[in-house]
Amino acid sequence: MDINTILNGLTDSQRKAVLHRDGPLLVLAGPGSGKTRVITCRIAALIDSGVYPSQICAITFTNKAAEEMRQRVLASGALAGCHISTFHSLCVQILRRYGGPAGIEPFFSIYDQSDQLRCVKEAITACQVASSNFTPARMLYFISRLKNDLEDDQAFAARADDFFGKTAAKIYTKYQQILRKNQALDFDDLLVQTAFLLRDFPDVRYTLSRRFRYLLIDEYQDTNHAQYQIARGLASEHSNICVTGDPDQSIYRWRGADIGNILAFEKDWPHAVVVKLEENFRSSPNILRKADRLIAANQKRKAKTLIPTRPEGEEVQIRVCEDESEEAGQVAEDVLQTLAAGGDPRDIAVFYRINAMSRPIEEAFIRAKIPYQMIRGVEFYERKEIKDLLSYLKLIVNPADNVSFLRAVGTHSRGIGGKTVQRLQEFADRYGLALLEAAGQAHRLDTAPASARQRLVEFAQFFGRFANEAKGQASELMDSVFAESGMAEALRAAGDDEAIENINELINSAAEYDRSTEEPSLLDYLQTIALYSDTDAYDPNAGRVSLMTLHAAKGLEFGQVFILGVEEGILPHERSMEGGPDEFEEERRLFFVGMTRAKDRLTISHVRHRVLRGQYLRTVPSPFLYEIGYAGQSSGAVDFSDDWEHLEEGGTTSERAGISGVRKYVANELVEHEKFGLGRIKEFLDLGENSIVVVRFNSGKTKSLMLKYANLTKVR
DNA sequence: CCATCAGCTTTTTTT
DNA sequence: AAGCTGATGG
């Protein structure tokens with residue numbers, strides 16, 4: 001797409017602003033409007049007008065997008081050397097160079113979700129909170145939201161006034177202490193600490209803002225408060241901040257993204273030039289009309305239309321199938337037809353709301369021998385053997401990393417079991433040592449038998465050998481650690497060829513990193529891959545059909561798109577319905593994002609029955625379908641006849657909950673009873689006014705109650 | 001110490 | 001359906 005075509009409807013001064021002018025710039029761009037192209041062209045134009053590439057900092061939403069943008073900038077003839085990365089990667093660079101919070105060394109570990117979970121569990125245990133209201137997952141989510149809003153544990157503790165808040169504050173503080181002790185930062189900390197660094201140290205802010213004289217941020221609608229503050233800090237000296245985004249494509253509210261950031265841009269930067277790109281160069285008008293109708297249903301929205309530029313194409317197809325395997329089979333059939341007609345598998349994608357829905361499609365594609373790539377299935381870096389090997393390496397780089405110690409020590413049977421580890425932990429706590437340090441002094445560990453002490457010392461000595469190699473090449477070190485740690489032997493003994501294969505793949509990718517990086521080091525490697533997700537592994541040229549979640553589809557485009565499972569409870573997802581109208585609208589935006597990925601052909605489907613969480617359930621078409629003009633069976637015209645048959649097959653009555661007009665409760669909803677307190681719905685038997693609910697109360701008791709007498713209230 | 005198994009919960013989306 | 005925890009026995 002030619003840049004002049006993209007900027008076609010703009011005034012001369014707007015064009016100038018986009019390509020050359022200093023100062024704040026907001027590009028409000030709908031789907032398929034060429035907004036990423038606008039960024040690369042601005043970068044090229046800036047360099048062309050004499051700006052040094054090293055003075056430009058562009059921020060993308062994913063590593064993949066960063067990589068692509070780098071290539072495009074190079075292809076446009078501009079010099080290499082501008083900084084293009086995600087917020088998180090940028091923060092790692094900054095923290096390593098300018099220092100993180102007090103007491104954190106540059107070799108900090110980056111903790112992913114499972115590491116965080118371990119730490120928060122430890123924190124909850126340490127705070128001696130024994131309540132189902134403080135589950136690790138819930139606390140982690142809660143803490144994450146606070147961090148996204150830049151509220152540290154002190155600040156939160158100061159304003160928490162009820163029991164939940166005070167307890168949460170204690171856990172938050174403890175959690176931060178644990179991270180600190182491990183010399184670790186979690187994903188959110190990377191942002192928080194960078195934001196604080198820029199806020200509290202004017203000299204750092206000044207230096208960085210002078211270094212990056214031009215700041216460009218893509219997908220600005222999905223920035224959270226921490227990212228917003230970082231952006232402000234980075235642009236503080238020059239106001240050369242260019243952001244692009246589309247409020248209608250904001251789909252990360254649950255992660256703290258604040259749509260207000262893009263909506264308030266003009267207030268934040270009073271002299272901002274605002275450019276709207278409403279023409280769509282991607283999709284056929286048939287697709288755009290439907291997408292437009294859908295998104296128009298959102299209340300909290302600035303009106304905007306999608307202006308088609310392409311000729312009429314095929315009508316959007318909406319179809320219903322019996323169950324998910326039939327749905328998958330139909331997709332496979334359609335794909336085969338497209339391929340037979342000379343279609344390119346690279347240009348086809350299948351989207352779904354949740355990862356768990358990928359399996360039937362995979363099976364259908366395997367059967368039909370359709371080549372496919374799944375984005376984010378079993379995540380590579382989440383695999384046990386990968387995390388195991390990486391834990392050794394992390395421990396070499398950061399000996400204080402107890403989470404990695406615990407993982408490494410347990411990778412295979414080496415005569416160090418739970419009891420020994422527990423004794424070691426007590427010992428380490430008593431003397432204020434990291435676990436690895438404590439293991440090195442295990443001869444003093446008089447609570448453990450001599451054999452165990454000996455093994456601990458050997459384990460520590462193993463790391464002593466590598467202590468000075470943290471600066472070396474990543475792949476060589478990885479190779480020798482794998483061979484000498486005993487992991488290789490253990491995997492071979494177990495005959496786990498798949499694991500060994502994965503390890504080889506990891507070592508190969510590390511070798512690739514060593515080759516392609518200017519100053520490779522184990523430290524840099526570990527901090528880099530910690531931010532790498534499987535979404536980044538998407539290969540547009542792989543010659544395969546792509547399978548991914550709707551979230552992963554953001555920023556991509558395909559000739560033919562299938563969107564599966566557009567049903568109530570799936571899209572919108574049931575968990576989003578608890579969250580009120582805002583979350584409901586976000587689900588609608590998610591569907592909108594999915595639809596607008598399609599260039600020529602779009603097929604949307606829903607099924608009558610679906611297996612969910614191991615249960616065969618009846619489903620209802622998504623309300624979104626009717627919003628795009630679906631005339632299929634409406635909920636009033638549902639055929640009840642097979643319900644009996646269904647019940648006789650052993651299904652529970654709650655399965656019917658979805659089709660009743662008086663549906664009041666669904667499984668898992670939180671309710672309160674004036675006598676029994678809080679509880680969760682286990683089952684809802686829809687018998688009209690005689691409906692019965694089965695509730696499992698927090699006391700542990702499960703009760704069946706007549707709805708009309710129970711006087712239940714929904715919580716939140 | 002470690003392997004195994006039954007029984008339990010848990011289940012969105014991701015940097 | 002799948003993953004985790006805790007108990008059991010070798």
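A quick note: this is a predicted structure, and the numbers were derived from the prediction, not measured. Convention: sequence-line order gives letters A, B, ...; per-chain numbering from 1.
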Original post:
Does a side-chain N or O from A:Asn63 land closer than 4.0 Å to OP1 or OP2 of B:dT15, or not?
Top reply: no

**OP:** Could I get the full list of salt bridge (charged side-chain N to carboxylate O under 4.0 Å, His left out) partners for A:Asp248, not counting sequence neighbours?
**Re:** A:Arg301, A:Lys304

Subject >> Sugar-phosphate only, base, or nothing, as touched by A:Lys384 at under 4.0 Å among non-hydrogen atoms >> reply: nothing

Subject >> Selected nucleotide, minimal atom distance to A:Thr420 side chain, candidates B:dC1, B:dT14, B:dT15 >> reply: B:dC1

Original post:
Under 4.0 angstrom, heavy atoms only, what part of the nucleic acid is A:Arg414 near: base, sugar-phosphate, or nothing?
Top reply: sugar-phosphate

Subject >> salt bridge (charged side-chain N to carboxylate O under 4.0 Å, His left out) involving A:Arg96 - partner list, sequence neighbours excluded >> reply: A:Asp524

Distance-only criterion, 3.5 Å: show the donor-acceptor pairs between side-chain atoms of residues 145-152 of chain A and protein atoms not counting sequence neighbours.
from     : atom 1 : to       : atom 2 : distance (Å)
A:Arg145 : NH1    : A:Tyr141 : OH     : 2.9
A:Lys147 : NZ     : A:Gln176 : OE1    : 2.8
A:Lys147 : NZ     : A:Asp186 : OD1    : 3.3
A:Lys147 : NZ     : A:Asp186 : OD2    : 2.7
A:Lys147 : NZ     : A:Asp189 : OD1    : 2.9
A:Lys147 : NZ     : A:Asp189 : OD2    : 3.3
A:Asn148 : ND2    : A:Asp188 : OD1    : 3.3
A:Glu151 : OE1    : A:Arg159 : NE     : 3.3
A:Glu151 : OE1    : A:Arg159 : NH2    : 3.1
A:Glu151 : OE2    : A:Arg159 : NE     : 2.6
A:Asp152 : OD1    : A:Gln154 : N      : 3.3
A:Asp152 : OD1    : A:Ala155 : N      : 2.9

**OP:** Look at the side chain of A:Glu583 and decide which nucleotide, out of B:dT12, B:dT14, B:dT15, has an atom nearest to it.
**Re:** B:dT12

Original post:
May A:Trp254 be described as stacking on the base of B:dT13, applying a 5.5 Å centroid limit and a 30° limit on plane angle?
Top reply: yes

**OP:** Compare the aromatic ring of A:His551 with the six-membered base ring of B:dT13 and state whether they stack according to the 5.5 Å and 30° rule.
**Re:** no

Subject >> Start and end of chain A contact along DNA chain C [non-hydrogen atoms, under 4.0 Å] >> reply: C:dA2 to C:dT5

Original post:
Can you name the salt bridge (charged side-chain N to carboxylate O under 4.0 Å, His left out) partners of A:Lys384, sequence neighbours left out?
Top reply: A:Asp388

Original post:
Who pairs with A:Ala328 by side chain to side chain contact (heavy atoms under 4.5 Å, CB included), at least two apart in sequence or on another chain?
Top reply: A:Pro360, A:Ile361, A:Ala364

**OP:** Check whether the side chain of A:Arg575 and the base of B:dT12 form a donor-acceptor pair under 3.5 Å.
**Re:** no

**OP:** Kindly say if A:Thr549 contacts the phosphate of B:dT14, meaning a side-chain N or O under 4.0 Å from OP1 or OP2.
**Re:** yes

Original post:
Does A:Arg589 use its side chain to pair, donor to acceptor, with the backbone of A:Ser250 at less than 3.5 Å?
Top reply: yes

